[in-house]
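Single-structure report; data block below.
Order of the sequence lines sets the chain letters (A, B, ...), proteins ahead of strands, with each chain counted from 1.
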Protein chains: 2
Amino acid sequence: MTTTQEHRSVEERRDQLVDAALAVLRDEGVAAVTTRAVTSRAGLPHGTFHYCFATKPALFRAVLERQLRTAMAAAFATDTAALAPEARITAGLTAHLDTTRADPATALALVELFALARRDPGLQDVADWEQRAYVAAVRAHLEAWTDDRRFRWTAPPETLARLLVALADGVSTAWLQDRDDAAAAATIALAARTTATLVDGSAS
Amino acid sequence: MTTTQEHRSVEERRDQLVDAALAVLRDEGVAAVTTRAVTSRAGLPHGTFHYCFATKPALFRAVLERQLRTAMAAAFATDTAALAPEARITAGLTAHLDTTRADPATALALVELFALARRDPGLQDVADWEQRAYVAAVRAHLEAWTDDRRFRWTAPPETLARLLVALADGVSTAWLQDRDDAAAAATIALAARTTATLVDGSAS
DNA sequence: GTCTATAGCATGATAGAC
DNA sequence: GTCTATCATGCTATAGAC
């Protein structure tokens, strides 16, 4: 009988460490995400770290990539095809806010991590990609909405998508600060009301 | 002749250290703002730190308070009284973006610092105050615009103020990521166009 | 692959001479 | 008040036994 841990593939280890890193991040913030804290949270010896990730920034990159995938999946999970444009916009902005509300501590920590990534030359591409992917996804949705020809947008989809992403971001940021559900709902309702003026057609 | 530094009031020293902290913050990010880096940048011995600030968070507090004052002053510096509502909104959102554009490195670093402040129980009140002060200032402006009775808002000023702050925040965040001036201008123009639909009156 | 031990360095904070 | 020297701790990363 040895105390040696079972063999696991490096990829499994990496996932395990990313999980642990997210947990530390949520509970104690970016500054507390040290190689020691992560391995300790994962229940692994410290030495594990450096044969799974070359450096600490490499772990951050893995965390950001994981986050990007989950956030994209969550943001567009609900189907709003049956709704009128204004209600769809409300639903979309609310869905984004809901992911923030579902786990504010993680959302707050991810803001910290993204801020760090934007400054780190080795991580900027992940931050870039995250924004691009978001705008592109929103734009694709906006264009799909007009496929049935019942209405059209009176503004370029790209610009409208950027506006909606900026709104979703700003509203979530504000909510993270004051946790005021009613105010956030009112802001979203007003945003949807004004944005719906860009609809031209029978459904408007 | 001694090498001893001249006496300066503690308040002067504190200002000196806050300046240095902002410089380090801008150049190397939050993680690089150590007591040693700050005193060294200020050209002062390390020991200076702890008789000006009790702890490092106390320095961060001072930096945030300074930042709040300068940001508020800059954001509402330009007088837009002569403009119609839509142009005023464009001017306001552009003014906010311009402070970001004038010094992106500092803006990026302050995002990091605010993210940290939102998580630190000892600094949350500064972050709270910053948001409240911003919304209140925008709301005051919105209400002042209707003083001449030439138009009125068809939405509550508080909600409209929150919407505009969320927009300004989201637009600046997006610009910090892609540095796309044209896209930011288009987003602001569209935001102003939709928001101006909330104007009821002769000036609309 | 797995783990222990440790190198090598930076940190926040303090003690104590002047 | 001012400054030097230092303490105790924590960090990333690596070397090397198994």
Side-chain angles (χ1 to χ4, degrees), chain A residues 1-21 23-25 27-63 112-113 116-117 119-123, chain B residues 1-21 23-25 27-63 112-113 116-117 119-123:
Chain A
M1 169 187 174
T2 77
T3 57
T4 299
Q5 198 121 359
E6 260 180 280
H7 172 87
R8 297 208 188 280
S9 78
V10 172
E11 195 159 336
E12 269 176 306
R13 292 281 202 213
R14 286 175 55 105
D15 278 352
Q16 204 177 341
L17 289 175
V18 169
D19 286 339
V24 175
L25 194 64
D27 293 349
E28 300 168 75
V30 167
V33 181
T34 64
T35 56
R36 298 177 126 82
V38 169
T39 49
S40 151
R41 176 73 74 121
L44 295 172
H46 182 219
T48 313
F49 189 89
H50 284 94
Y51 62 82
C52 291
F53 295 102
T55 62
K56 205 171 84 151
L59 167 68
F60 282 150
R61 166 174 290 273
V63 171
E112 270 195 281
L113 184 55
L116 187 150
R119 289 195 61 93
D120 187 326
L123 293 175
Chain B
M1 171 184 174
T2 78
T3 58
T4 300
Q5 197 122 359
E6 262 181 278
H7 172 86
R8 296 207 188 280
S9 78
V10 172
E11 195 160 333
E12 269 177 305
R13 293 280 203 214
R14 285 174 55 106
D15 278 351
Q16 206 176 342
L17 290 175
V18 169
D19 286 338
V24 175
L25 194 63
D27 294 348
E28 301 169 75
V30 168
V33 180
T34 63
T35 57
R36 298 177 126 86
V38 169
T39 49
S40 151
R41 176 73 74 120
L44 295 172
H46 181 220
T48 314
F49 190 89
H50 284 92
Y51 61 82
C52 292
F53 296 102
T55 63
K56 205 170 86 148
L59 167 68
F60 282 150
R61 166 175 292 272
V63 171
E112 269 195 281
L113 183 55
L116 188 151
R119 290 194 61 93
D120 187 326
L123 293 175

OP1 or OP2 of C:dA13 under 4.0 Å from side-chain N/O of B:H50: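 Yes.
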
B:R13 vs D:dT2: side-chain N/O to OP1/OP2 distance below 4.0 Å: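 For D:dT2, OP1/OP2 do have a side-chain N/O of B:R13 under 4.0 Å.
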
Any residue meeting side chain to side chain contact (heavy atoms under 4.5 Å, CB included) with B:T55, in chain and number order, not counting sequence neighbours: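 Partners of B:T55 by the side chain to side chain contact (heavy atoms under 4.5 Å, CB included) criterion, ordered by chain and then number, come out as B:P57, B:A58.
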
Find the distance [X]:[atom1] to [N]:[atom2] and express it as a whole number of Å.
X     : N      : atom1 : atom2 : value
B:F49 : D:dA5  : CZ    : C1'   : 19 Å
B:Q16 : D:dT2  : CD    : C1'   : 13 Å
B:F60 : C:dG12 : CZ    : C1'   : 12 Å
B:K56 : C:dG12 : NZ    : P     : 5 Å
A:L59 : D:dC11 : CG    : P     : 14 Å
B:L17 : C:dA13 : CG    : P     : 14 Å
B:F53 : D:dT2  : CZ    : C1'   : 17 Å

Taking the side chain as every heavy atom from C-beta outward, state whether [X] and [Y] have any atom pair closer than 4.5 Å.
X     : Y      : answer
B:L59 : B:T35  : no
B:V30 : A:E112 : no
B:R41 : B:D27  : yes

Distance-only donor-acceptor test, B:H46 side-chain atoms vs C:dA13 base atoms, 3.5 Å: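 It does, because a donor-acceptor pair links the side chain of B:H46 to the base of C:dA13 below 3.5 Å.
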
Taking only the side-chain heavy atoms of [X] (C-beta and beyond), determine which of [options] contains the nearest atom.
X     : options               : value
B:T55 : C:dA13, C:dG12, C:dC3 : C:dA13
A:P45 : C:dG12, D:dC3, C:dC3  : C:dC3
A:V10 : C:dG1, C:dC3, D:dC3   : C:dG1

Touch class at under 4.0 angstrom, heavy-atom based, for A:Y51 against every strand present: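 It contacts base atoms.
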
Donor-acceptor contact present, side-chain A:R61 to main-chain A:G122, <3.5 Å: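 Confirmed, A:R61 side chain pairs with A:G122 backbone.
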
Contact nearer the 5' end of DNA chain D, comparing B:G47 with A:A32: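 Its nucleotide being nearer the 5' end, the pick is B:G47.
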
